[in-house]
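Protein chains get the first letters and strands the later ones, always in sequence-line order, with residue 1 at the start of each. The analysis underlying the following values was restricted to heavy atoms, covering all of them including side chains, and did not include hydrogens, waters or symmetry mates.
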Amino acid sequence: MPELPEVEIIKRSLCKAIDKQSIVDVKQNRLNLRFPFPLNFIDKLKGSSITSFGRKAKYILIYLNNNYVLIIHLGMSGNFLIQKNTPDDDKNIKHTHVVFYTSNNLIIKYIDPRRFGLMDIAKVSEINQHRLLKNIGPDALSNEFNAKYLLKKITNKKCNIKTALLNQNIVGGIGNIYASEALYHSRISPHTSCYGIVNYEDSKNNMKRLVKSVKFILNKAIEAGGSTISDHRLPNGDLGYFQNEFNVYNCESKKCNRKHCSGIIKKIKQSGRSTFFCDSCQELQDHEI
DNA sequence: CTTACGGCCTGTACGC
DNA sequence: TGCGTACAGGCCGTAA
């Protein structure tokens, strides 16, 4: 499930459950996820205490008192389950790859069927130079992500605006659901070309609207507990419910929700990923591809 | 340098 | 019921 809102919620749940606790034991059920686990993975975690939590784009950062940071990415299907005990009928057992045992007697399970997720450990002082983090752009919810920045960053890229929003080196945290939803909210067509975009007089205003929409949608999704697709659960077992507020994602062939718009939601492929949009109210720009 | 796309995995849905 | 195919919340690494 995890885009920025889901990652943020999972981070907050973990923080609430185990911040300031120590990691009394770690069970590692396989040698790799997307990448091999780092050298001495368990040794570096065991016995340490958690000092704080952070997030960079879709990465969760868990800071430890031994000057290491645990770096976690959930990939497509990664999730955490926080439990007080382990039921015998644990149906996730097959995909439970790492289990953390904390000093407040909680069991934190990392579950990831597709194993596109990853874990790594870095020194706190070197976190910004980590190979997977160093090129990531400003967070989608930060002030640094604004119209001026976005316009400058994407101008003359040979891709469309939707693909640009998914590029974590441009802006951190937006995924395939919220890219479509934000473009719909701002009434911008996903076909809009970045090439030469700075030269169009409507671009500044469009980018202002888009940035506002991105933040609005992401914040609203966080408030809603994120989006639950398939059988995903939040770490406490609850369902997110933002999926009930999708206007375009997974809404192919449905009528557009916007007042006075009689358009039908379309599904297309852009850079190999699905894009959903209304070709009636998401303005055709004169600089579309 | 930039951009395009194969590949990593499992699970599910659907057509035959 | 089974089997083949397409697709799914991400993104690295390599080719071009």
Side-chain angles (χ1 to χ4, degrees), chain A residues 1-11 29-37 55-60 71-80 91-97 110-120 130-137 140 153-183 193-196 214 217-218 221-222 224-235 239-246 248-253 267-276 289:
Chain A
M1 77 181 239
E3 300 184 32
L4 186 153
E6 293 77 23
V7 175
E8 178 63 25
I9 287 159
I10 290 168
K11 183 203 82 180
N29 292 331
R30 49 180 303 123
L31 296 173
N32 68 295
L33 291 169
R34 178 166 185 187
F35 298 114
F37 282 91
R55 179 182 59 75
K56 174 121 183 161
K58 299 171 196 170
Y59 288 86
I60 293 171
I71 300 166
I72 299 163
H73 196 290
L74 305 172
M76 290 278 248
S77 59
N79 201 5
F80 280 97
K91 66 181 162 80
N92 295 308
I93 191 90
K94 187 177 163 193
H95 300 301
T96 300
H97 308 306
Y110 178 72
I111 300 163
D112 186 357
R114 293 179 73 176
R115 308 204 300 273
F116 287 174
L118 69 92
M119 292 192 194
D120 200 4
H130 189 278
R131 70 182 186 99
L132 298 171
L133 303 179
K134 64 181 178 189
N135 292 323
I136 292 177
K153 193 77 179 175
I154 68 176
T155 287
N156 292 339
K157 284 216 169 290
K158 291 180 182 57
C159 68
N160 55 63
I161 188 71
K162 193 267 190 167
T163 302
L165 289 178
L166 287 183
N167 184 339
Q168 304 298 300
N169 297 339
I170 294 174
V171 50
I174 302 171
N176 206 36
I177 292 175
Y178 299 107
S180 281
E181 291 296 327
L183 284 166
S193 170
C194 295
Y195 197 80
V214 165
I217 294 290
L218 293 177
I222 291 172
S227 301
T228 297
I229 293 184
S230 182
D231 60 350
H232 175 79
R233 293 289 183 283
L234 299 185
L239 297 169
Y241 54 89
F242 192 75
Q243 67 281 2
N244 300 321
E245 300 185 35
F246 289 168
V248 287
Y249 189 82
N250 268 348
C251 296
E252 189 185 9
S253 306
K267 177 180 182 176
I268 58 170
K269 285 266 180 202
Q270 291 181 303
S271 303
R273 316 278 319 264
S274 293
T275 300
F276 298 85
I289 290 173

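The environment of OH in A:Y195 is sparse: at most 12 heavy-atom neighbours from other residues, nucleotides or ligands sit within 6.0 Å.
Checking C:dG10, C:dC12, C:dA8 against every side-chain atom of A:R131, the shortest atom distance belongs to C:dC12. Nearest to the side-chain atoms of A:F35 among the listed nucleotides C:dG13, C:dC11, C:dC7 stands C:dG13. Relative to the side chain of A:S274, the nucleotides C:dC12, C:dG9, C:dA8 differ in distance, and C:dA8 lies closest.
The shortest distance between the side-chain N/O atoms of A:R273 and the OP1/OP2 oxygens of C:dG10 is below 4.0 Å. Within the 4.0 Å cut-off from OP1 or OP2 of B:dT3, not a single side-chain nitrogen or oxygen of A:K158 is found. The side chain of A:H95 places an N or O atom within less than 4.0 Å of a non-bridging phosphate oxygen (OP1 or OP2) of B:dG11. Using a 4.0 Å cut-off, no side-chain N or O of A:Q168 falls inside it from OP1 or OP2 of C:dG10. A close approach under 4.0 Å does not occur between any side-chain nitrogen or oxygen of A:H73 and OP1 or OP2 of C:dG10. Between A:K58 and C:dG9 there is no side-chain N or O to OP1 or OP2 distance below 4.0 Å. Between C:dC7 and A:K267, no contact under 4.0 Å exists linking OP1 or OP2 to a side-chain N or O. Note on A:Y249: a side-chain N or O is less than 4.0 Å away from OP1 or OP2 of C:dG9.
Between C:dT14 and B:dC9, the distance separating the two P atoms is 15 Å to the nearest Å. Using atom P as the reference point in both B:dG6 and C:dA6, the two lie 13 Å apart (nearest Å).
Judged by distance alone, the side chain of A:Q168 and the main-chain N or O of A:I174 form a donor-acceptor pair under 3.5 Å. Side chain of A:Q243 to backbone of A:T228: a donor-acceptor contact under 3.5 angstrom is found.
A donor atom on one side chain and an acceptor atom on the other are not found under 3.5 Å apart for A:K134 and A:N169.
The CD1 atom of A:I111 sits 16 Å away from the C1' atom of C:dG9 (whole-angstrom rounding). Between A:I222 atom CD1 and C:dG9 atom C1' there is a gap of 15 Å when expressed in whole angstrom units. As a whole-Å value, the separation of A:N135 CG from C:dC12 C1' is 12 Å. Separating the CD1 atom of A:I174 from the P atom of C:dG9 is a distance of 15 Å, rounded to the nearest angstrom. Protein atom CG of A:N156 is 12 Å distant from nucleotide atom C1' of B:dT2, rounded to whole Å. Remark: C1' of B:dC9 and CG of A:D112 are 9 Å apart, rounded to the nearest angstrom. If you take CG of A:N176 and C1' of C:dC11, they are 12 Å apart, rounded to a whole angstrom. What separates OH of A:Y178 from C1' of C:dG10 is a distance of 15 Å, to the nearest Å.
Counting heavy atoms from C-beta on, the side chains of A:E252 and A:I268 never come closer than 4.5 Å. The side-chain heavy atoms of A:L166 and A:Q270, taken from C-beta on, include no pair separated by under 4.5 Å.
With centres under 5.5 Å and a plane angle under 30° as the test, the ring of A:F116 is not stacked against the base of C:dC11.
Using a 30° and 60° split on the angle between ring planes, A:Y178 and A:F242 fall in the tilted class, from 30° to 60°.
Looking at heavy-atom distances under 4.0 Å, A:S271 makes no contact with the nucleic acid at all. In this structure, A:F242 reaches neither bases nor backbone, as no heavy-atom distance under 4.0 Å exists between it and the strands shown. Looking at heavy-atom distances under 4.0 Å, A:G272 makes no contact with the nucleic acid at all. At a threshold of 4.0 angstrom between heavy atoms, the contacts of A:R34 include nucleobase atoms, whether or not backbone atoms are also involved.
As the counterpart of B:dC9, no nucleotide is assigned, since no Watson-Crick or G-U wobble pattern has both distances under 3.5 Å.
For A:R114 and A:L166, each mapped to the nucleotide of DNA chain C holding its nearest heavy atom, the one lying further toward the 5' end belongs to A:R114.
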